[in-house]
> 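One structure is given below, represented as structure tokens, and several questions about it will come after.
One-based numbering along the sequence shown.
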Amino acid sequence: MREDRSMRTWPTLLLALMVAAVVAALPAATALDGDPGGGPGGSLGGGPGGSSPPSPPADTPVPAVGRAWPVGLRPSVIRGWDPPATTYGRGHRGVDLTAAPGAPVRAVAPGRISFAGRVAGRGVVSVELNGTGDPPLRTTYEPVRATAKKGTEVAAGEVIGVLEPTGSHCPASCLHWGLRRADAYLDPLSLLPPWLLGRGPSRLLPVIGVPEPEVRAVP
């Protein structure tokens with residue numbers, strides 16, 4: 001009895017299809033956390049021919065160059081930064097901030113719009129921050145309908161888009177804000193100086209409706 005060769009090739013074909021499916025899904029895993037995965041030229045590496053420039057050491061501190069929150073004056077953090085153990089592992093590669101649909105989204109620091117478009121059906125805006133090294137730090141915002149075009153220079157606090165009503169992964173409306181240097185995800189809150197993160201100095205307010213204590217002369 002002659003063995004059917006097609007029966008022997010099926011496992012090989014099935015394995016090849018599974019590998020192709022995994023490879024095709026890798027860019028989507030990056031985009032899921034609000035970054036298109038590309039630099040100014042749209043390549044995954046961000047450098048010429050898709051090659052990535054050497055990244056600074058992982059323990060390089062993030063400069064506190066932020067001068068504004070991306071939404072509101074001091075929004076609540078719904079979910080904080082939870083870096084994955086591996087490149088495509090589970091985690092939260094950014095922070096989620098409370099914001100209503102249609103709220104203006106602002107650049108936290110001066111820079112240049114490096115991406116403004118849609119990724120996996122969600123609006124995404126990325127800003128390369130000025131004076132943050134080579135490769136520069138890059139902030140991402142989603143789901144955002146861009147009002148600034150790619151290549152535009154923006155100032156801290158300048159509106160770059162509006163929050164979209166759909167596409168958020170939060171139970172309620174929120175902005176997902178991310179930070180990257182090359183392929184390394186970082187905590188975006190580290191961009192903000194203490195005076196933006198804190199609640200500011202205490203202020204003494206006038207007391208109204210409370211009688212002043214009686215002052216008696218000392219004999």
Side-chain angles (χ1 to χ4, degrees), residues 27 30-47 52-53 55-56 60-75 77 80-81 83 92-99 101-164 167-169 174-193 196-197:
T30 301
L32 230 117
D33 282 86
D35 195 296
S43 61
L44 288 176
S52 298
S55 300
T60 299
V62 173
V65 296
R67 293 297 177 265
W69 283 91
V71 285
L73 295 177
R74 189 174 286 109
V77 178
W81 182 62
H92 194 229
R93 300 167 174 87
V95 297
D96 294 335
L97 306 175
T98 55
V105 178
R106 306 175 186 276
V108 299
R112 182 182 63 85
I113 304 290
S114 58
F115 181 86
R118 306 198 72 79
V119 176
R122 296 183 297 273
V124 178
V125 178
S126 297
V127 181
E128 286 188 354
L129 305 184
N130 296 340
T132 56
D134 184 19
L137 292 171
R138 184 168 71 250
T139 56
T140 58
Y141 313 84
E142 72 151 294
V144 174
R145 177 175 59 83
T147 57
K149 296 181 178 180
K150 179 180 177 180
T152 303
E153 294 286 337
V154 294
E158 185 173 342
V159 176
I160 58 176
V162 296
L163 189 66
E164 293 182 331
S168 171
H169 57 238
C174 76
L175 173 75
H176 180 85
W177 175 31
L179 175 66
R180 289 181 67 178
R181 188 190 293 277
D183 294 329
Y185 289 94
L186 304 167
D187 184 2
L189 291 178
S190 60
L191 285 171
L192 301 181
L196 269 177
L197 285 172

> How close do P188 and V95 get, heavy atom to heavy atom, and via which atoms?
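Taking every non-hydrogen atom into account, CG-CG2, 3.7 Å.
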> Would you say that I113 contacts V125 through its side chain, given a criterion of any heavy-atom pair below 4.5 Å between the two side chains?
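Yes; the side chains approach each other to less than 4.5 Å.
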> Hey, mind stepping through T139 and W177 against side chain to side chain contact (heavy atoms under 4.5 Å, CB included) and telling me if it holds?
CA-CA 7 Å; T139 56; W177 175 31; 4.0 Å; yes
> State whether the side chain of T147 and the backbone N or O of I160 hold a donor-acceptor pair below 3.5 Å, judged by distance alone.
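Such a contact is found between T147 side chain and I160 backbone.
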> Taking all non-hydrogen atoms of both residues, which atom of A68 and which atom of A107 are closest, and how far apart?
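For A68 and A107, the tightest heavy-atom pair comes out as CB-O, 4.4 Å.
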> Between V144 and G161, which heavy-atom pair has the shortest distance, and what is it?
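For V144 versus G161, the nearest heavy atoms are CG1-CA, 3.7 Å.
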> Give a yes or no on this: more than 12 heavy atoms of other residues, nucleotides or ligands lie within 6.0 Å of atom CZ of R145.
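For R145, atom CZ is not crowded (no more than 12 foreign heavy atoms under 6.0 Å).
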> G66 and L192: which non-hydrogen atoms are nearest, and at how many Å?
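For G66 and L192, the tightest heavy-atom pair comes out as CA-CD2, 4.2 Å.
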> Is there side-chain contact between R67 and P193, with heavy atoms separated by less than 4.5 Å?
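Yes, at least one pair of side-chain atoms sits under 4.5 Å.
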> Is the closest side-chain heavy-atom distance between C174 and T98 below 4.5 Å?
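No - every pair of side-chain heavy atoms lies 4.5 Å or more apart.
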> What's the spacing between R138 CZ and L129 CG if we round to 0.5 Å?
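The CG atom of L129 is 10.0 Å from CZ of R138, to the nearest 0.5 Å.
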> Among all residues two or more places apart in sequence or in another chain, which pass the side chain to side chain contact (heavy atoms under 4.5 Å, CB included) test with N130?
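With sequence neighbours excluded, N130 shows a side chain to side chain contact (heavy atoms under 4.5 Å, CB included) to P110, E153, given in chain and number order.
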> Can you tell whether the side chains of E128 and R180 come within less than 4.0 Å, N to carboxylate O?
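No.
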> Which heavy-atom pair separates K150 from A116 by the least distance, and what is that distance?
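So the minimum-distance heavy-atom pair works out to N-CB, 4.4 Å.
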> Distance check, rounded to the nearest 0.5 Å: L97 atom CG versus L175 atom CG?
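Rounded to the nearest 0.5 Å, the CG-CG separation comes out at 5.5 Å.
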> Pick from V71, V108, L163: which one makes a side chain to side chain contact (heavy atoms under 4.5 Å, CB included) with Y141?
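Single side chain to side chain contact (heavy atoms under 4.5 Å, CB included) partner of Y141 among V71, V108, L163: V108.
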> Quick one: pull up CG in L179 and CG in D187 and give me the separation to the nearest 0.5 Å.
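It comes to 8.0 Å.
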> For residues G157 and R106, report the shortest heavy-atom separation together with the two atoms involved.
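Looking at all heavy atoms of both residues, the closest pair is O-NH1, 3.0 Å.
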> Between W69 and L196 (side chain of the first, backbone of the second, donor and acceptor by atom type, cut-off under 3.5 Å), is there such a pair?
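Checking the backbone N and O of L196 against the side chain of W69, a donor-acceptor pair under 3.5 Å is found.
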> Does any N or O in the side chain of R181 come within less than 3.5 Å of the main-chain N or O of T132, such that one atom is a donor and the other an acceptor?
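Yes; judged by distance alone, with no hydrogens or angles, the pair exists.
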> I would like to know whether L137 and L191 meet side chain to side chain contact (heavy atoms under 4.5 Å, CB included); could you show each step before the answer?
CA-CA 10 Å; L137 292 171; L191 285 171; 4.0 Å; yes
